[in-house]
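What follows is a set of notes on a single structure, which appears directly below.
Residue numbers start from 1 in every chain, and the chains themselves are labelled A, B, ... in the order their sequence lines are given, proteins ahead of strands. Values below: every heavy atom of this structure, side chains too, minus hydrogens, waters and symmetry copies.
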Protein chains: 2
Amino acid sequence: MDETASTEAPRPNLAAVAALAGVSASTASLAFSGAGPVSDATKAKVLAAAAQLNYAGPDPRGQSLRRGRSGIVGVVLEDSVSEAFRDPMNIATLDGISDAIGPSGSALLLLTDNAEGPSSFRSVPIDAVVLIGCSTRLADAVHVFAQRGVPIVGIETEPMPSVLAVDLDNRLASRRLAEHLRDLGHRDVTMVTLSLDAPHARGWATPEWEARSEGYTASQRIAGVRDVFPASSAFVSSASTVDEGYRAALEVLASSERPTAIVAQSDLLAVGVIRAAQELGLAVPNDLSVVGFDGVRLDGIAPIDLTTMVQPAFAKGRAAGEGVLALLAGEAPAGQLFDSEFHLGATTAPPQSARTAHH
Amino acid sequence: MDETASTEAPRPNLAAVAALAGVSASTASLAFSGAGPVSDATKAKVLAAAAQLNYAGPDPRGQSLRRGRSGIVGVVLEDSVSEAFRDPMNIATLDGISDAIGPSGSALLLLTDNAEGPSSFRSVPIDAVVLIGCSTRLADAVHVFAQRGVPIVGIETEPMPSVLAVDLDNRLASRRLAEHLRDLGHRDVTMVTLSLDAPHARGWATPEWEARSEGYTASQRIAGVRDVFPASSAFVSSASTVDEGYRAALEVLASSERPTAIVAQSDLLAVGVIRAAQELGLAVPNDLSVVGFDGVRLDGIAPIDLTTMVQPAFAKGRAAGEGVLALLAGEAPAGQLFDSEFHLGATTAPPQSARTAHH
DNA sequence: CGATTCGATCGAATCGTTTCGACTAAAGTA
DNA sequence: TACTTTAGTCGAAACGATTCGATCGAATCG
């Protein structure tokens, strides 16, 4: 085979392939895309020419410009990659999204919402975007996407126009947990919450702090507990991890008026809380009741049967993915609200006082 | 403000903005990109026109065609999203990549190598790609990327031309662990390995199976142990999880000739192995020595001080990311080989026989 | 005051593909 | 045989931006 004498080797073109095959560029395009009628003979010629020129197929950049679609769905996570994926709920959600949009041939673009580079939001060719539990401060990003006509799906994000909501009954579910504790006789309940803001500060919640909260989920869950225990205080953790739960509980349990129950806003936090309690010599649930949230499989983490609300994270992700597909198809799908299910575990019991009073 | 009378509202163009602002398209482009000299007055005019037309800035699709860069780096994971992210090493690696390429304004595109859709590999506009521990069967994908001139970095992938290698001393490190066991007096060692192939089969390794292994890392680690214990057998797990380690160990420890030590190819597997051993009434390390691999922080998982090789997963990711940047800059960076560090934990001890012989 | 530089702007070409409408020739129909 | 269908192919016009070289004043320098 004779090597083409051109000194440089510019990457071959669809036009070049077409020229070599002796057909027009449009026919060559048809040969590759399969849309439209092309005789087997010409298709073979085109493919042969492509092979000879070492052509790898139509350039996605040209395609996406012309077709107006890049085949990429953005996913905005609240934090850095490692922080976001430390939470099993996020992984399950992402898996659900991936599962839903995978068959359409789209891929997922990870966008992280750390302060440094909001630039990438503007400069990335995505067909749609899913916000996973993102804080309010994403409002401007949302605006940019909307301006551009990029469909937006928000999972547990503050309701916004032009954002298709996939939501969870956070407030109701938290109220349900609180009612469970109230029914057991608890009166003195403290929360350990998810992060309220981007800097991920840690400490006792103040009314001002709660008021300017950027964490929609956290706020909803606080509200649910307050529906039952209006005066309950909240310690804000900086992330949904076992370690953060542990740190939070050390502070909570060291405070002068120790609660009889702790409502942790995630199972990982709850595990940390339990660990701290045990370390302080408090038996769970006898000396302290603990509830979580999420229904994470704790198999690999701790042999604890946690009282918690089990939420369908994978299904939420799937719904978001399906929402994306529907929006891209030009439909106008309705938002979805998912329910969590109460799971009675072995980490809640009547408080000491109730039991002694009973005797 | 008067609404433009056009009945439809086609998304505005850079050209449209330029026209409204009374400048040429090239000047408008300059106004947005910041490259090239533009007077403050015209820039203001252009921005005002953009605001009036509700223009969100240059369309990334047009940009990427013209500039030849999309600002997207692909990451190919071996499995589905959830499977891949169950392994903390992958997360740490991904975090490292993200950390390295983030400042360049690039984002990460998740590509999963499940059988269904290899289509997305071909049709996605990426500037470079990182393969994370991918199996040999990706050879054709690699070929496509190479054809297209997409730089490729492979983390612990079988060496291939046109793939920049970021590797780990898997064989050496495994040998190191084996030597540790040998020095303690062990003679009878069994491995619990990572997956050898895509279907993720589980069971005792046979020579044929090992020969057609698609798992480069697993094979290297097997080889390292065999350097010391040539006859050691291996039980192949289907994933790097606690649960898989548990299942594998149940089989291994049920076999007629029970080993005195188990070399697990990951810390998660090791935790599962230990759990199984304890359940069978075997004390670790007295009745059974167990070593892992990775140096995962087990804080949240199990209170075990595991004897293991600590590998720099984040640094590996960073190196891969830097490799990508270098390749994109037209440089010819050298591959990197990372070392793991031996950590002596509390899960290894001389075997029973040696101890009784000593007395 | 003439020559030179420099800042600001514009035109035109280009990136690589898809797709719409038109055209040709062969095949089917009356 | 004349007419309609249809498969196969082609030309040309987008898609939306960037960038190179040229142009044209104004300002600086000797």
Side-chain angles (χ1 to χ4, degrees), chain A residues 8 10-47 49-50 53-71 122-127 147-150, chain B residues 8 10-47 49-50 53-71 122-127 147-150:
Chain A
E8 295 231 334
R11 218 154 288 289
N13 229 337
L14 185 54
V17 172
L20 179 58
V23 300
S24 75
S26 36
T27 302
S29 171
L30 259 29
F32 276 105
S33 71
V38 180
S39 76
D40 292 348
T42 37
K43 181 180 283 188
K45 265 196 304 184
V46 171
L47 260 42
L53 288 180
N54 202 30
Y55 178 70
D59 187 320
R61 283 180 277 260
Q63 288 189 122
S64 61
L65 173 58
R66 175 61 227 230
R67 318 188 65 162
R69 288 276 168 87
S70 63
R122 275 188 168 63
S123 63
V124 137
I126 54 180
D127 296 338
Q147 261 189 327
R148 228 182 227 130
V150 173
Chain B
E8 295 232 333
R11 219 155 287 291
N13 231 344
L14 184 56
V17 172
L20 179 60
V23 301
S24 75
S26 38
T27 302
S29 171
L30 259 29
F32 277 104
S33 72
V38 180
S39 76
D40 292 346
T42 35
K43 180 181 284 190
K45 264 195 304 184
V46 171
L47 262 40
L53 289 181
N54 201 31
Y55 179 71
D59 188 319
R61 282 180 276 261
Q63 285 189 122
S64 60
L65 174 57
R66 175 62 224 228
R67 316 189 66 164
R69 288 277 168 88
S70 63
R122 272 186 172 62
S123 64
V124 136
I126 53 179
D127 297 338
Q147 261 190 326
R148 207 165 250 147
V150 173

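Interface residues of residues 27-37 of chain A facing DNA chain C, ordered by number: A:S29, A:L30; criterion, heavy-atom separation under 4.0 Å. Contact check of residues 38-46 of chain A against DNA chain D (heavy atom, cut-off under 4.0 Å) returns A:V38, A:S39, A:T42.
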N/O contacts under 3.5 Å, protein versus nucleotides 11-14 of chain D?
from   : atom 1 : to    : atom 2 : distance (Å)
D:dG11 : N7     : A:S26 : OG     : 3.4
D:dG11 : O6     : A:S26 : OG     : 3.4
D:dA14 : N3     : A:R66 : NH1    : 3.2

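Remark: DNA chain D forms stems of 3 or more consecutive Watson-Crick or G-U wobble pairs, all pair distances under 3.5 Å, at C:1-30 with D:1-30.
Checked by atom type and distance alone, the side chain of B:R148 never pairs as donor or acceptor with a backbone atom of A:R11 at under 3.5 Å.
For B:N13, a side-chain nitrogen or oxygen approaches OP1 or OP2 of D:dA17 to under 4.0 Å.
The two residues A:D127 and A:G71 have their closest heavy-atom pair at OD2-N, 2.7 Å. Closest of all the heavy-atom pairs between A:V17 and A:A49 is O-CB, 3.7 Å. The two residues B:L20 and B:L53 have their closest heavy-atom pair at CD2-CG, 3.7 Å. For A:P125 against B:S70, the heavy-atom pair with the smallest separation is CD-O, 4.0 Å. Shown here for A:V38 and A:L30, the closest heavy-atom pair between the two residues is CG2-CB, 3.5 Å. The minimum heavy-atom distance linking B:N54 with B:P12 is given by the pair O-CG, 3.9 Å.
Chain B approaches DNA chain C within less than 4.0 angstrom (heavy atoms of the protein), and the contacting nucleotides run 5' to 3' from C:dA8 to C:dG16.
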When the side chains of residues 57-65 of chain A are checked against the rest of the protein, which donor-acceptor pairs come out under 3.5 Å, sequence neighbours left out?
from  : atom 1 : to    : atom 2 : distance (Å)
A:D59 : OD1    : A:R61 : N      : 2.7
A:R61 : NH1    : B:G68 : O      : 3.3
A:S64 : OG     : A:P60 : O      : 3.1
A:S64 : OG     : A:R61 : O      : 3.1

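Atoms OG and CZ, from A:S33 and A:R67 in turn, are 7.0 Å apart once rounded to the nearest 0.5 Å.
To the nearest angstrom, P of D:dA17 lies 6 Å from CG of B:D59. Atom CG in B:L14 sits roughly 14 Å away from atom P in D:dC15 (whole-Å rounding).
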Using the side chain to side chain contact (heavy atoms under 4.5 Å, CB included) rule, take B:N13 and B:Y55 through it: C-alpha gap first, then chi angles, then the decisive distance, then the call.
CA-CA 7 Å; B:N13 231 344; B:Y55 179 71; 5.7 Å; no
